[in-house]
**Q** 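Starting off with a structure, shown below.
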Amino acid sequence: MQLYKSQTLKVYNSLTGKKEVFKPINEGHIGMYVCGPTVYSNVHLGNCRTFMSFDMIFRYLKHLGYKVRYVRNITDAGHLVDDAEDGEDKIAKKARLEQLEPMEVVQRYTVDFHNILEKFNFLPPSIEPTATGHIIEQIEIIKEILDKGYAYEINGSVYFDVKKFNESHDYGKLSGRKLEDMIANTRELAAQDDKRSPQDFALWKKAEPQHIMRWPSPWGDGFPGWHLECTAMSTKYLGETFDIHGGGMDLKFPHHECEIAQSEASHGHSPVNYWLHANMLTLNGKKMAKSTGNNILPGEIFSGENKILSKAFSPSVVRFFMMQAHYTSILDLSNDALLASEKGYGKLMDAIETLKGLDTGTSSDFQILEWKQQCYDAMNDDFNTPILIANLFEAVKHINLIKEGKETITNEDKELLTQVINAFVFDVLGLENKSMGANDSSKLSGVVELLIELRNDARANKDFATSDKIRDQLTALGIQLKDGKEGTTFSVS
RNA sequence: GGCAUCGUGGCCGAGUGGCUAGGCGCAGCUCUGCAAAAGCUUGUACAGCGGUUCGAAUCCGCUCGAUGCCUCCA
């Protein structure tokens with residue numbers, strides 16, 4: 001039997017503002033769409049957090065036995081740099097600045113994006129479609145919206161008529177905005193453009209002669225509006241209504257609001273049952289911004305080449321750090337916080353190593369089944385990874401007590417514990433055991449075992465000068481010796 | 001200016017109308033030749049001011065502060 005039949009998953013739906021029992025449209029199957037990156041520069045860490053949250057969600061849904069089609073797009077066209085006047089595409093602008101073909105920019109940063117995600121141990125999505133690969137689908141949707149009367153064409157561009165749409169639909173229901181308020185608060189300096197009202201947004205933009213990214217359309221050469229690709233691609237691969245749509249909080253308005261409007265206008269019904277929004281990452285309590293220098297790239301964390309952190313941190317440690325916070329909370333990254341996570345991560349991994357070699361007995365002091373359900377309860381409560389991790393540390397405590405001979409565990413329970421802990425740590429949280437222990441390279445392991453033996457001989461002879469020299473020099477090399485009841489083990493940092 | 005979210009102990013970060021979150025750090029103890037590791041024990045909280053309640057950090061109001069959105073943005 002699939003796990004989802006016995007576990008009740010609840011998710012926080014941004015659309016209703018409530019935690020709701022999750023029920024897919026087709027039993028056993030889930031369609032999930034997440035807004036991916038615009039590939040005009042290196043992915044920054046905040047981006048990674050959002051995608052990591054949905055990677056974890058994807059992993060847990062799969063763990064529960066669902067068949068998930070996870071679509072995460074690559075935006076390689078369509079996002080405007082400024083509003084009306086030059087109408088220049090972000091990608092095109094970067095291409096001009098770097099003297100590259102637009103697709104060269106796209107390729108470079110797509111590769112960077114994939115590299116970083118791989119380091120973070122992301123699962124690849126089921127489909128990773130690009131905006132430029134779906135121009136035809138986007139044009140089709142524009143036609144439908146025009147046919148239904150919710151858009152107008154002017155000077156080779158097509159705009160979505162928000163006011164008209166709002167007469168029969170609720171524009172703003174996701175972000176809790178009222179069109180009247182938006183109109184009242186419109187800034188004065190709205191530049192000259194063809195829009196009937198500032199709230200309207202472009203479905204198709206006419207390309208000026210110098211604009212290098214352009215496609216033919218019924219309205220002339222141009223390029224698609226910046227919200228349309230997600231509607232086109234989610235509809236194509238997941239259908240007109242699908243289960244989960246995710247993205248960063250900052251996309252709630254206007255991006256996701258516009259997606260809803262486009263879908264409702266063209267298809268006549270709401271596109272998504274559960275809207276999930278991942279929250280922002282701040283750096284030292286402030287928002288990340290290139291302009292202020294309060295910014296860090298994932299690669300700079302892994303290499304340690306940055307001015308913000310005292311040392312390098314591995315992708316797994318960063319992942320563990322992010323999993324220690326709930327995905328809907330703002331998370332603040334700082335040196336102290338990463339340092340603390342690194343220690344905790346090491347403790348967890350050490351315990352998983354210890355578990356392998358644990359002696360078993362005739363009874364268990366640790367109620368594994370009860371604990372196991374607590375782990376599921378945590379994840380079922382809107383993917384509460386911090387609580388899951390707290391539960392994992394409960395297990396760590398027992399593992400260490402058993403190792404010290406203060407508690408016992410049966411063989412059967414040990415196997416169950418191993419299975420559950422591996423499932424949650426590696427499959428669901430997506431952590432990797434990069435801190436090698438004795439299972440690392442056998443040569444290193446052999447050498448350290450030899451040194452441990454020599455040290456123990458020295459200790460037996462009360463030659464503490466020699467034994468301390470071995471221990472201290474190994475420590476200096478990053479190899480920590482751990483004396484226990486059952487002998488000495490080591491870990492490499 | 002408008003909308004939204006949030007404000008927890010030395011740091012990070014869960015949660016909740018009355019019952020230990022957890023990690024890191026600090027202190028004491030056990031173990032150790034000494035340490036480290038591990039275990040045990042302990043302290044320091046719920047932004048401020050009012051209100052609802054038998055009882056609120058948890059609900060309501062106000063104030064202050066932070067973050068996000070309102071223009072592309074995970």
Side-chain angles (χ1 to χ4, degrees), chain A residues 14 17 34-38 40 43-54 75 78-84 89-90 93 172 175-178 181-182 184-187 189-191 198-199 226 246-255 257 277-282 285-289 320-321 324-326 328-348 350-351 354 378 381 384-394 396-397 399-401 403-404 406-407 459 462-464 467-468 471-472 475 480-485 488-491:
Chain A
S14 307
V34 172
C35 293
T38 304
Y40 66 100
V43 239
H44 75 83
L45 235 211
N47 272 286
C48 293
R49 154 123 115 137
T50 295
F51 300 133
M52 192 182 291
S53 296
F54 289 102
T75 295
H79 283 233
L80 298 179
V81 165
D82 354 86
D83 205 20
D89 195 286
K90 241 181 193 176
K93 181 177 182 188
S175 53
R177 286 159 210 254
K178 294 263 165 284
D181 296 344
M182 284 187 258
N185 289 314
T186 302
R187 291 185 189 172
L189 43 112
Q199 283 68 230
W226 46 116
M249 277 291 265
D250 49 351
L251 294 185
K252 219 170 169 182
F253 188 88
H255 185 61
E257 203 70 72
H277 286 98
N279 219 138
M280 302 291 106
L281 182 74
T282 56
K286 291 187 195 120
K287 80 164 185 174
M288 287 200 192
F320 180 75
F321 163 74
Q324 275 185 299
H326 189 79
T328 57
S329 298
I330 293 172
L331 172 62
D332 185 47
L333 183 116
S334 65
N335 196 243
D336 286 350
L338 278 177
L339 245 19
S341 286
E342 187 173 51
K343 293 271 278 191
Y345 166 78
K347 188 170 165 181
L348 178 62
D350 283 352
T354 302
D381 186 14
N384 199 322
T385 52
I387 297 285
L388 201 221
I389 290 172
N391 284 325
L392 292 175
F393 277 104
E394 186 64 22
V396 166
K397 188 169 151 182
I399 289 169
N400 287 323
L401 282 168
K403 178 188 163 200
E404 291 202 354
K406 290 176 179 165
E407 283 191 3
R459 291 170 74 198
K462 301 224 187 292
D463 178 8
F464 298 122
S467 66
D468 287 354
R471 180 223 284 158
D472 295 343
T475 304
Q480 189 192 28
L481 298 187
K482 297 169 182 176
D483 296 330
K485 284 256 187 314
T488 304
T489 56
F490 73 97
S491 66

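Below, chains carry the letters A, B, ... as their sequence lines are ordered, and counting in each starts from 1.
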**Q** Mind checking if A/L281 touches a base, just sugar-phosphate, or nothing, with heavy atoms under 4.0 Å?
**A** base

**Q** Classify the nucleic acid contact of A/G36 as base, sugar-phosphate or nothing, counting any heavy atom under 4.0 Å across all strands shown.
**A** sugar-phosphate

**Q** What pairs with A/F51 under ring pair (Phe, Tyr, Trp, His ring centres under 6.0 Å), at least two apart in sequence or on another chain?
**A** A/F113

**Q** Could you measure between the two P atoms, the one in B/rC60 and the one in B/rU42, and give it in whole Å?
**A** 35 Å

**Q** What I want to find out is whether A/D468 reaches A/R459 closely enough, with some N-O distance under 4.0 Å, to be called a salt bridge.
**A** no

**Q** Rounding to the closest angstrom, what is the interatomic distance between B/rC26 and B/rC54 at atom P?
**A** 46 Å

**Q** Quick one: are A/F320 and A/L348 in side-chain contact, heavy atoms under 4.5 Å?
**A** yes

**Q** By the 4.0 Å heavy-atom rule, please label A/N384 as base, sugar-phosphate, or nothing.
**A** sugar-phosphate

**Q** Contact class for A/H277 vs. all strands (heavy atom < 4.0 Å): base, sugar-phosphate, or nothing?
**A** nothing

**Q** Determine the interatomic distance between C1' on B/rG7 and the same-named atom on B/rC12; round to the nearest Å.
**A** 15 Å

**Q** Using the P atoms only, state how far B/rA27 lies from B/rA36, rounded to an integer number of Å.
**A** 11 Å

**Q** Any stems for RNA chain B, made of 3 or more Watson-Crick or G-U pairs in a row, each with both distances under 3.5 Å?
**A** B:1-7 with B:64-70, B:10-12 with B:22-24, B:27-30 with B:38-41, B:47-51 with B:59-63

**Q** Considering only heavy atoms from C-beta outward, does the side chain of A/R49 approach that of A/N279 to under 4.5 Å?
**A** yes

**Q** Compare all side-chain heavy atoms of A/K482 with those of A/T488 and state whether any distance is below 4.5 angstrom.
**A** no

**Q** Quick one: label A/A325 by what it contacts on the DNA or RNA (base, sugar-phosphate, nothing), any heavy atom closer than 4.0 Å.
**A** sugar-phosphate

**Q** I'd like to check A/L333 versus A/T282 (side-chain heavy atoms, cut-off strictly below 4.5 Å). Are they in contact?
**A** no

**Q** Given the C1' atoms of B/rG48 and B/rA66, what is the spacing between them in whole Å?
**A** 15 Å

**Q** Ignoring hydrogens and angles, does a donor from either the side chain of A/R471 or the base of B/rA35 sit under 3.5 Å from an acceptor on the other?
**A** yes

**Q** Just how far, in rounded Å, is P of B/rG68 from CD1 of A/I330?
**A** 7 Å

**Q** If the threshold is 4.0 Å, N to carboxylate O, is there a salt bridge linking A/D332 and A/K286?
**A** no

**Q** Got a sec, which residues hit side-chain hydrogen bond (donor to acceptor under 3.5 Å, both in side chains) with A/K406, two or more places apart in sequence or on another chain?
**A** A/E404

**Q** Can you find a heavy atom in the side chain of A/H44 that is under 4.5 Å from one in the side chain of A/M288?
**A** yes

**Q** Hey, does the side chain of A/S329 come within less than 4.0 Å of B/rA14's phosphate (OP1/OP2), counting only N and O?
**A** yes

**Q** Touch check for A/R49, heavy atoms < 4.0 angstrom, all strands: base, sugar-phosphate only, or nothing?
**A** nothing

**Q** Suppose you measure atom C1' in B/rU30 against the same atom in B/rA35; what distance do you get, rounded to whole Å?
**A** 15 Å

**Q** Starting from the 5' end of RNA chain B, give me the residue, A/L45 or A/L331, whose nearest nucleotide shows up first.
**A** A/L331

**Q** Of the listed nucleotides (B/rC73, B/rG23, B/rG33), which one gets closest to any side-chain atom of A/S467?
**A** B/rG33

**Q** Counting side-chain heavy atoms from CB outward, which of B/rG15, B/rC69, B/rC34 is closest to A/D468?
**A** B/rC34

**Q** Hey, which of these two, A/D332 or A/S175, hits RNA chain B nearer its 5' end, going by closest nucleotide?
**A** A/S175

**Q** I'd like the C1' distance from B/rG17 over to B/rU71, given in whole Å.
**A** 43 Å

**Q** Could you tell me the separation between the CD atom of A/E257 and the P atom of B/rU71, rounded to a whole number of Å?
**A** 13 Å

**Q** List in chain and number order the residues that pass side-chain hydrogen bond (donor to acceptor under 3.5 Å, both in side chains) with A/D336, two or more places apart in sequence or in another chain; answer none if no residue qualifies.
**A** none

**Q** From B/rC73, B/rC11, B/rU32, pick the nucleotide closest to the side chain of A/H255?
**A** B/rC73

**Q** Expressed as a whole number of angstroms, how long is the span from A/K286:NZ to B/rG7:P?
**A** 21 Å

**Q** Does any non-hydrogen side-chain atom of A/F321 lie less than 4.5 Å from one of A/L331?
**A** yes

**Q** Please measure how far the P atom in B/rG23 lies from the corresponding atom in B/rU52, and state the result in whole Å.
**A** 40 Å

**Q** For nucleotides 18-22 of chain B, tabulate all protein N/O to nucleotide N/O atom pairs closer than 3.5 Å, reporting atom names and distance.
**A**
none

**Q** Going by centres under 5.5 angstrom and planes under 30 degrees, do the aromatic ring of A/F51 and the base ring of B/rA74 stack?
**A** no

**Q** Strictly by modelled atom types, are A/S341 and A/Q324 linked by a side-chain donor-acceptor pair under 3.5 Å?
**A** yes

**Q** Decide yes or no for A/S491 and A/D350: does some side-chain heavy atom of the first lie under 4.5 Å from some side-chain heavy atom of the second?
**A** yes

**Q** Dump the pairs, protein N or O against N or O of nucleotides 37-42 of chain B, anything under 3.5 Å, distances to one decimal.
**A**
| from | atom 1 | to | atom 2 | distance (Å) |
| --- | --- | --- | --- | --- |
| B/rA38 | O3' | A/N400 | ND2 | 3.0 |
| B/rA38 | O2' | A/E404 | OE2 | 2.9 |
| B/rA38 | N3 | A/E404 | OE2 | 3.2 |
| B/rG39 | OP1 | A/N400 | ND2 | 3.3 |
| B/rC40 | OP1 | A/K397 | NZ | 3.2 |

